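Residue numbers count from 1 along this sequence. This one's a predicted model, so the numbers in the text were calculated from it and none came from an experiment.
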Amino acid sequence: MNFRKTLIAGIMLLPMLGFTGTGLVFAQDDPVVDSATPSSAIQDTYDLVVEIAGSNFGRGSEVRFLKTDTEIDASGIHVKNVKAKGSSKLIVTLDIDADSYVGATDIEVMFRGRKGKGTTKFAVQAKPNQTTVACSDVFEFN
C-alpha cells in the first residue's frame, strides 16, 4: 500500500519536474539581443536584410522594432520575414516606409512565449532631402 501511494505521488510530481514523457525539458532562458547588422538604415528602404545576433533564438522567433524604452511599435517598420540560423542568429527582412519613425529603436525577440529586448540596437535615419536646382539658377541665358 505504501509503495502504491509513493508511486502515485511520484507520477503526479513528474510534470512539475519537467518530464514530458519524451524526456526532460530544461528551463529555457529569455532571448538576448546583442546586436543588429546593419545597425541603421534610412527611411524608404525596402527588403533590407538585418542580421540579429544574440542567444536563445529558434525557429518561430518573432521580431518587433520598438521606440526606445517603450513597448510602442516604431511605426513604419514592417518585419516581413524572420529566419533562425541556430540559436544565436536571426535573419530578418524588413521594409522601412518613407514616412516611418525616425530615431533609435529597441529590438524585441519573442520565442516560445519568452521575450528579450536589445535597447537602441537599430536606428532609422531620415531620408536626405533631395534638392533640385533650376537651370536658370545655374546658367545665365542671353
Side-chain angles (χ1 to χ4, degrees), residues 1-140:
M1 194 72 136
N2 283 339
F3 174 74
R4 178 181 254 176
K5 287 182 182 179
T6 304
L7 180 62
I8 291 171
I11 290 170
M12 292 176 67
L13 188 61
L14 286 175
M16 289 185 264
L17 295 175
F19 186 77
T20 64
T22 58
L24 286 174
V25 175
F26 298 99
Q28 182 175 337
D29 293 326
D30 292 339
V32 175
V33 178
D34 292 326
S35 65
T37 304
S39 60
S40 67
I42 62 171
Q43 292 174 310
D44 204 21
T45 299
Y46 298 91
D47 294 322
L48 177 67
V49 177
V50 177
E51 181 179 303
I52 298 174
S55 58
N56 305 319
F57 304 151
R59 188 176 298 172
S61 291
E62 297 175 24
V63 176
R64 292 174 53 199
F65 289 79
L66 307 171
K67 293 180 180 179
T68 299
D69 294 326
T70 72
E71 292 296 318
I72 301 169
D73 283 326
S75 60
I77 301 175
H78 308 283
V79 175
K80 295 170 50 175
N81 192 22
V82 179
K83 290 183 183 176
K85 298 291 184 179
S87 63
S88 61
K89 186 189 309 182
L90 296 175
I91 305 298
V92 179
T93 305
L94 54 96
D95 289 341
I96 303 172
D97 293 341
D99 60 349
S100 72
Y101 169 81
V102 173
T105 67
D106 297 344
I107 300 173
E108 179 183 83
V109 174
M110 182 180 265
F111 179 59
R112 292 189 177 167
R114 303 185 72 92
K115 65 181 173 180
K117 188 190 309 186
T119 305
T120 65
K121 299 297 182 187
F122 188 78
V124 177
Q125 301 167 356
K127 186 175 181 179
N129 291 334
Q130 296 178 351
T131 54
T132 57
V133 179
C135 288
S136 61
D137 291 341
V138 177
F139 302 101
E140 186 176 309

message = Measuring only between side-chain heavy atoms, which start at C-beta, is Val79 closer than 4.5 Å to Asn81?
response = no
inquiry  = Within the 4.5 Å heavy-atom criterion, are Val92 and Val49 side-chain neighbours or not?
reply    = no
key: Salt bridge present between Glu71 and Lys117 (N-O < 4.0 angstrom)   = yes
message = Can you tell me how far apart CD (Glu62) and NZ (Lys115) are? Round to the nearest 0.5 Å.
response = 10.5 Å
remark   = Rounding to 0.5 Å, atoms OG (Ser40) and CG (Leu48) come to a distance of 9.5 Å
Qualifying salt bridge (charged side-chain N to carboxylate O under 4.0 Å, His left out) pairs with a residue from residues 30-42, counting only residues at least two apart or across chains = Asp30-Arg114
note = The side chain to side chain contact (heavy atoms under 4.5 Å, CB included) partner of Phe122 among Thr37, Leu66, Thr68, Val50 is Val50
task = Using side chain to side chain donor-acceptor pair (under 3.5 Å) as the criterion, list what pairs up with Asp44, not counting sequence neighbours.
result = Tyr46, Lys127
task = Report yes if some heavy atom in the side chain of Thr119 is under 4.5 Å from a heavy atom in the side chain of Asp69; otherwise report no.
result = yes
task = Please examine the side chains of Phe111 and Gln28, heavy atoms only from C-beta on, and report whether any two atoms are closer than 4.5 Å.
result = yes
note = OG (Ser35) and CD1 (Ile107) are apart, to the nearest 0.5 Å, by 8.5 Å
ask   = Salt bridge or not for Lys121 and Asp106, using N-O below 4.0 Å?
value = no
message = Is there a side-chain contact between Gln125 and Gln43 in this structure, where contact means two heavy atoms from C-beta onward sitting under 4.5 Å apart?
response = no
inquiry  = What I want to find out is whether Asp47 reaches Lys80 closely enough, with some N-O distance under 4.0 Å, to be called a salt bridge.
reply    = yes
remark   = Here the side-chain hydrogen bond (donor to acceptor under 3.5 Å, both in side chains) pairs for residues 92-101, sequence neighbours left out, are His78-Asp97
request  = Report yes if the side chains of Lys85 and Leu90 come closer than 4.5 Å at any heavy-atom pair, otherwise no.
outcome  = no
note = In terms of heavy-atom contacts, Phe57 and Ser88 come closest through CD1-C, 3.8 Å
query = Which pair of non-hydrogen atoms, one from Val82 and one from Ser61, has the smallest distance, and what is that distance?
reply = CG1-O, 3.6 Å
Criterion side chain to side chain contact (heavy atoms under 4.5 Å, CB included) against Ser55, the qualifying member of Val33, Asp29, Val32 = Val32
query = Can you name the closest pair of heavy atoms from Asp73 and Lys67 and give their distance?
reply = O-CE, 4.0 Å
key: pair Ile77-Thr105: side-chain heavy atoms closer than 4.5 Å   = yes
